[in-house]
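Indexing begins at 1, ligand by ligand and atom by atom, following the structure's order.
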Amino acid sequence: MQQIRDFVDDNTEVVPDGIIWTPDPYSEFSLSSAHEAMRYKAASCLSSKCIWGGGIPSKVSLFMWRLLRAFLPFPDVIKRFNVCLPSVCALCHQASAELEHCLYQCNFSKHVWRHFQGIFGATIGASSLRTECHAWWLLAPPGSVVDWYAKLVSCLILWHLWCSYNQGVYGDGSHSVSQTLSRIKQDLFLVASTRTIRRLGPGNDFLLTAGFLRRFHTPPIMVTIWVKWMTPPSGRLKLNTDATYGAAGVAGGACLRDSRG
Ligand SMILES: [Zn+2]
């Protein structure tokens, strides 16, 4: 009880005409704002910064969240609940269908990972799926174009390996390596086409060569034209108007002045 009283004291402010609830930007109390202020918040880790937002499709982010917590229904994961399933890798048919194998150790998966390592010029000698992900997330300077692509591509590789695995288990057989590669590149292109990507140096040109985007965004050149208006005679007003239009929209302006300008 004392804890709740302290919480209320810490989050309220008494003013002459009432009480301000400080967790809410409009000072109005709500259960959601109280819950948000009270709930335990874990420190954000690298993975949570790299798998959510940044243009990564929500279904892929959710998939990554399940993957990093070993919640995907691979036979070795389900085995923890004393349920044993047939366990043959649907991608190579030569090993057990374990999460680490299917998405990383399998020859099929390794081919895909190496293909994109080659495009990005990355030398990653990771020993596990998690360290491979960390290597991609730390591949380029934070905030750079390559950094954004590296985070996205690592998530898309895993997503499409997962899709291919499921196609092998529940469909007519897994996709081929080349089909998986082209699906990843297609998704990269589609996601990139929704964003404004600027060329920040020659180190970005490989993105064009690899077909990850159509073109870099070129900001429009702004031209300033100075116009001198003649002031009206004394005792009169003068209304000057002008307008412009273009692909980005239309805009107009007006200026009412007297003889003093
Ligand atoms: Zn395999």
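- For the pair SG of C89 and SG of C92, the angle whose vertex sits at the Zn ion (ligand 1) is 110° to 10 degrees.
- Both tests pass for K110 against the ring of Y104: distance under 6.0 Å to the centre and angle within 45° of the axis.
- Residue C102 does not count as close to the Zn ion (ligand 1), with no N, O or S atom under 2.8 Å.
- Between Y149 and F212, the angle of the ring planes stays under 30°, which puts this pair in the parallel group of the 30/60° scheme.
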Taking it one step at a time, do R183 and H160 satisfy side-chain contact (heavy atoms from CB on, under 4.5 Å)? CA-CA 7 Å; R183 283 167 184 262; H160 282 283; 3.6 Å; yes
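- In this structure the side chain of K151 reaches within 4.5 angstrom of the side chain of W137, judged on heavy atoms.
- At least one N/O/S atom of C106, from backbone or side chain, sits under 2.8 Å from the Zn ion (ligand 1).
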